[in-house]
Every structure is written in C-alpha cells, then in structure tokens.
Amino acid sequence: MKIINQKQYTVLTAGISTLVLSVLMFVTEVHAEGRTYQGSESKAHCSLWDELRLKWPQTSLGREKRECRRKALPPTRSMQVQCRLIDNYIDPELDERMCVFERGATGQGPMTTSMDKNLKCPRELMCLQEK
C-alpha cells in the first residue's frame, strides 16, 4: 500500500471529479436533444371511450381493451374551443356585467362578453377561436 501526501490527494480528487463531471455532462447532452411533435390522425388522443364493456362470461375475466369511439380534432379543424371564466366585473358605462374568458387553445387571447348585470357568468362555455 502506497501512502500519498495531501497535495497528491488533492490532485487525484480533482482529476477524478473532473472526469466524472465530464462523463455526466456528455450523457445528459446525448439525452437532452430536442424533439418536435409531428401530429397525425392515428396518434391523436381519444376524446370519447367506449363504456359498454363485456362482462365475465363473454370475455376472459372482462380484460378486453376499451375502444376509442372518437379521436380528438386538432385546433385548426375545430373552430370552437373550451373557454373558462377568469374574471367578471360590472361596467358602469354600459351598466352590464362583463365576463372575461380564457380560451383553451395555445396562442389565443382572452374573450370578453357582456350580459345583464343580474345574471351570473357561466364558469365554462364553448367559444370560437381567434383567426
């Protein structure tokens, strides 16, 4: 067994640390590459599942897979999106309640509607996308 002094120990520790950190940086760079989503009809998520599943005598313990009844539409094909209420206030000039909704699509601004001040704004509704 060889005995090393403090200076050799420090150099050896720094060398091993540098080696380990460079290997970790290389591994994370390899796995951190950017990928772009390429959507297609077959890869779209299911928006409506078949709930009528067979029971035990017709299938093997009822373990058959559920089937998708309706695939989701991309935002470009569906002009309506889900909107959620984010704010409401009463406009003193118009004497009406103003409901501010946030559109549920990417890159869409808020939508404001007016209604009678005695009515409540709905929490959610379907609204048109901006063009």
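When reading the values below, keep in mind they use all heavy atoms of this one structure, side chains included, and skip hydrogens, waters and symmetry mates. Residues: numbered from 1 along the sequence shown.
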- Message: Using side chain to side chain contact (heavy atoms under 4.5 Å, CB included), reason through V81 and M111 one step at a time and then give a plain yes or no.
- Response: CA-CA 12 Å; V81 292; M111 180 191 80; over 6 Å; no

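- Clustering ILVMFWY residues whenever any of their side-chain heavy atoms sit less than 4.5 angstrom apart, transitively, puts V11 in a cluster other than the one holding L19.
- The shortest non-hydrogen separation linking P122 to M115 is CD-CE, 4.1 Å.
- With rounding to the nearest 0.5 angstrom, the CD atom of E102 is 12.0 Å from the CG atom of D87.
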Please tabulate, for side-chain N and O atoms in residues 88-101, each donor-acceptor pair with protein atoms closer than 3.5 Å (sequence neighbours left out).
| unit_1 | atom_1 | unit_2 | atom_2 | d |
| --- | --- | --- | --- | --- |
| D91 | OD1 | E93 | N | 3.3 |
| D95 | OD1 | K117 | NZ | 3.2 |
| E96 | OE1 | S114 | OG | 3.2 |
| R97 | NE | L119 | O | 2.9 |
| R97 | NH2 | K117 | O | 3.1 |

- Message: With side chain to side chain contact (heavy atoms under 4.5 Å, CB included) as the criterion, how do C83 and M126 come out once you've worked through the C-alpha distance, each side chain's angles and the decisive distance to 0.1 Å?
- Response: CA-CA 6 Å; C83 291; M126 295 302 289; over 6 Å; no

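- A distance of 12.5 Å separates CZ in R123 from CD1 in I86, rounded to the nearest 0.5 Å.
- The pair R84-E124 meets the salt-bridge criterion, since a charged nitrogen lies less than 4.0 angstrom from a carboxylate oxygen.
- Within the structure, no pair that satisfies the side chain to side chain donor-acceptor pair (under 3.5 Å) test touches residues 5-22, not counting sequence neighbours.
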